[in-house]
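Taking it in order: structure first as structure tokens, then the write-up.
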Amino acid sequence: MSGRGRGAPGARRERREPPPPGLLVVDKPAGWTSHDVVGRSRRLVGTRKVGHAGTLDPMATGVLVLGVERATKLLGHLALDTKSYLATIRLGLATTTDDAEGEPVGEPADASGLGEEAVAGGIAALTGEISQVPSSVSAIKVEGRRAYERARAGEDVQLEARPVTVDRFDVLATRTDGPFRDLDVLVDCSSGTYVRALARDLGAALGVGGHLTALRRTRVGPFTLAHARTIDTLAAEESEHGRASLSLDLDTAVATAFPRRDADADEADGLAHGRPLAAGGCAGTIGVFGPDGHVIGLVADDRGAARPLLVLAPA
């Protein structure tokens, strides 16, 4: 019988080594869902163990943070509570989704004559700590189903207002396009803030309606477009080298996202076994690194000790 039969060693597919753990920061292209990016990234880095922190609407582009291998456990601990966006708001028309993908609500209004003072006043009222009703096509769950699923099924979705913080809402440029007034804006805000809802509420306050026509996320927590890689870049790297590389390895990711504490050999061994360290006197989550410079895990002071939240290099 030939040595090339089904069970012969020569017919076996060589097992691929998994990639190192770390973060992949992707510059999400327009038209892709966050799940689309995860699926493509799994093939590009060569592992099923890829997850994402937060989501971006299909129309949006920009920073999407993915965890790879052991770093997927890191995602729930990352402080991604502040975000930055570049966006374009069109004043003069409201839509059913508060963005350009929705159907017009009513007839267009003439927003071309809006004065700068009126626009500035409307923006000022939407800056700081505000109460915001999320867009009806948000991912918020209503009785077990996503709001956008209910809205796209034709249901009347009513969401409750929630507190959010808009630290910065600056107009970078303005243009007129027939009856419409387009504003290019920069928004720094807390997690849970919907820029589409800002466009909707600004248009409503000015009496002309408004919706979002473009959205680009430039920062999530400490991760910016400087860390991000495009899908095309990753695909080219995978084609040339057999695997796309990560944006940040596990050590760099933790050092970027958390304050650092350096442990001696005994402390590192204790934390690797899940034992607490002496309290460090710092609030919040701390990344602990061993004498070799590699991360051991995350700790937080609690009841007089620095207790492990996540051990990334177990004994």
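Hydrogens, waters and symmetry mates play no part in the numbers below; they use all other heavy atoms, side chains included.
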Can you sort out the partners of [X] under side chain to side chain contact (heavy atoms under 4.5 Å, CB included), two or more places apart, ordered by chain and number?
X: Pro108; result: Leu93, Phe180
X: Ala125; result: none
X: Ala279; result: Asp301

Can you name the nearest heavy-atom pair linking [X] to [Y], along with the distance?
X: Pro21; Y: Ala71; value: CB-N, 4.0 Å
X: Pro134; Y: Arg162; value: CG-NE, 3.8 Å
X: Ala305; Y: Pro276; value: CB-CB, 4.1 Å

Just by distance, with hydrogens left out, do [X] and [Y] show a side-chain donor and acceptor under 3.5 Å apart?
X: His211; Y: Asp99; result: no
X: Ser135; Y: Asp98; result: yes
X: Thr224; Y: Arg219; result: no
X: Thr47; Y: Glu69; result: yes

Is [X] isolated, or which residues cluster with it under the ILVMFWY side-chain rule of less than 4.5 Å, directly or via members?
X: Val37; answer: Leu24, Val26, Trp32, Val38, Leu44, Val45, Val50, Leu64, Leu66, Val68, Ile231, Leu234, Leu246
X: Leu172; answer: Leu86, Leu186
X: Leu298; answer: Leu23, Val25, Val63, Val65, Leu74, Leu75, Leu78, Leu80, Val220, Phe223, Leu225, Leu248, Leu250, Val254, Phe258, Phe289, Val295, Leu309, Leu310, Leu312

Would you check if Leu114 and Leu206 make a side-chain contact, meaning some heavy-atom pair closer than 4.5 Å?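 Answer yes - side chains close enough.
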Is there a side-chain contact between Leu202 and Leu183 (heavy atoms, below 4.5 Å)?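 With C-beta onward as the side chain, the pair touches.
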Under the side-chain hydrogen bond (donor to acceptor under 3.5 Å, both in side chains) rule, collect the residues that match up with [X], sequence neighbours excluded.
X: Asp184; answer: Thr88, Arg175
X: Asp36; answer: Thr33
X: Arg307; answer: none
X: Thr230; answer: Thr233

Spell out, yes or no, whether Leu212 and Ile130 are grouped together once hydrophobic residues are joined by side-chain heavy atoms under 4.5 Å, including indirect joins.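 Same cluster: Leu212 reaches Ile130 through Ile, Leu, Val, Met, Phe, Trp or Tyr contacts under 4.5 Å.
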Which residue pairs pass the side chain to side chain donor-acceptor pair (under 3.5 Å) test with at least one member in residues 105-130, sequence neighbours excluded?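 Checked against side chain to side chain donor-acceptor pair (under 3.5 Å) - neighbours excluded - the pairs reaching residues 105-130 are Asp110-Ser112.
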Under 3.5 Å, side chain of [X] to main-chain N/O of [Y], donor-acceptor pair present?
X: Asp249; Y: Thr252; answer: yes
X: Lys28; Y: Ala60; answer: yes
X: Thr96; Y: Glu103; answer: yes

State plainly whether the residues [X] and [Y] are in salt-bridge range, i.e. N to O under 4.0 Å.
X: Arg229; Y: Glu237; result: yes
X: Arg43; Y: Glu238; result: no
X: Arg196; Y: Asp57; result: yes

Between CG of Leu277 and CG of Leu271, what distance do you get to the nearest 0.5 Å?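 Rounded to the nearest 0.5 Å, the CG-CG separation comes out at 5.0 Å.
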Under the ring-ring contact (aromatic ring centres under 6.0 Å, His included) rule, what pairs show up with a residue in residues 36-91, not counting sequence neighbours?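 Pairs touching residues 36-91 that pass the test: none.
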